[in-house]
Amino acid sequence: IHSVTMGINMLEKVICFEELSALVNKDLISNKKLPKFLMVDVRNPGEIEKHGRIQNSINFPLKALENILKMSEEAFFDEMGFKRGELGQCLLVTHCRSGPRAFKAVRILVEYGYTRCRIYSGSMLDWVANGGLVDTVTEENTKL
C-alpha cells in the first residue's frame, strides 16, 4: 500500500479504535469537536451478513464504489437512500475486514473529491477485538 496518494499522506488519515468508538458512540467527553460522520463499510454484502457491521455503517462494497460514485443523483438516492451531496458534508470513515480495502476505498473517494476521509485500518477485526458493538444485519438495514 502506497503511503502517499494524490499528495495526501494516507498514514495521517488512519483512525484508531478509541477515536472511532467516540464517533460511533457520540462520546463528547473524549472527542470535543464531534464531526458529522459516516461509517463506510467496503466489505461485500455477504461478509456483512455473516459477521455483522459497526452500528449505523453504510455498505459501499469496494468492487462497486466507483460505480456508486458515478451514479446520477437520482440513481444514487434510489440505491443508497440519501443524497450524494451529503457525502461531502460528512467525515467519511472507511473500514473492511482487516484494512487493505479501507485504504483502497479512501484512494477512490479522494479521486472523486471526497477528501474528508479517515481509514480505520484495524477494521472489523480490531473493532471486535476491542469489544466494539456489532449489529447483526438484514439486507434492509445496510442502507441509511
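Here the shortest heavy-atom pairing between Ala102 and His95 reads CB-CA, 3.7 Å. The heavy-atom pair separating Leu109 from Leu69 by the smallest distance is CD2-CD1, 4.0 Å. Closest approach of Pro61 and Ile68 over heavy atoms only: CD-CD1, 4.2 Å. Closest approach of Pro45 and Asn59 over heavy atoms only: CG-OD1, 3.6 Å. In terms of heavy-atom proximity, Cys96 sits nearest to Arg101 at SG-N, 3.6 Å. The shortest non-hydrogen separation linking Gly88 to Arg116 is O-NH1, 4.4 Å.
Atoms CG and CG, from Leu38 and Leu23 in turn, are 11.5 Å apart once rounded to the nearest 0.5 Å. The distance from atom CZ of Arg118 to atom CE of Met39, rounded to the nearest 0.5 Å, is 11.5 Å.
Although no hydrogens or angles enter the test, the distance criterion places a donor-acceptor pair under 3.5 Å between the side chain of Trp127 and the main chain of Leu133. Looking at Arg97, its side chain never comes within 3.5 Å of a backbone N or O of Met124 through a donor-acceptor pair.
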**Report entry** Chi angles and distances behind the side-chain contact (heavy atoms from CB on, under 4.5 Å) call for Leu20, Phe37
**Finding:** CA-CA 10 Å; Leu20 183 59; Phe37 93 107; 4.2 Å; yes

| query | Is there a side-chain contact (heavy atoms from CB on, under 4.5 Å) between Ile15 and Ile119 once you walk through the steps? | reply | CA-CA 6 Å; Ile15 189 170; Ile119 304 158; 5.9 Å; no

Quiz item: Would Leu91 and Lys36 satisfy side-chain contact (heavy atoms from CB on, under 4.5 Å), going step by step from the backbone distance to the final call?
Solution: CA-CA 6 Å; Leu91 171 65; Lys36 182 177 178 188; over 6 Å; no

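Applying the ring pair (Phe, Tyr, Trp, His ring centres under 6.0 Å) criterion to Phe76, with sequence neighbours excluded, gives Phe82.
With hydrophobic clusters built from ILVMFWY side chains whose heavy atoms lie under 4.5 angstrom apart, Val40 does not share a cluster with Leu125. Residues Val93 and Phe17 are members of one and the same hydrophobic cluster, defined by side-chain heavy-atom contacts under 4.5 angstrom among Ile, Leu, Val, Met, Phe, Trp and Tyr.
The pair Arg84-Glu74 does not count as a salt bridge, with every side-chain nitrogen at least 4.0 angstrom from each carboxylate oxygen.
Side-chain contact, Glu66 with Tyr112: a donor N or O sits under 3.5 Å from an acceptor N or O.
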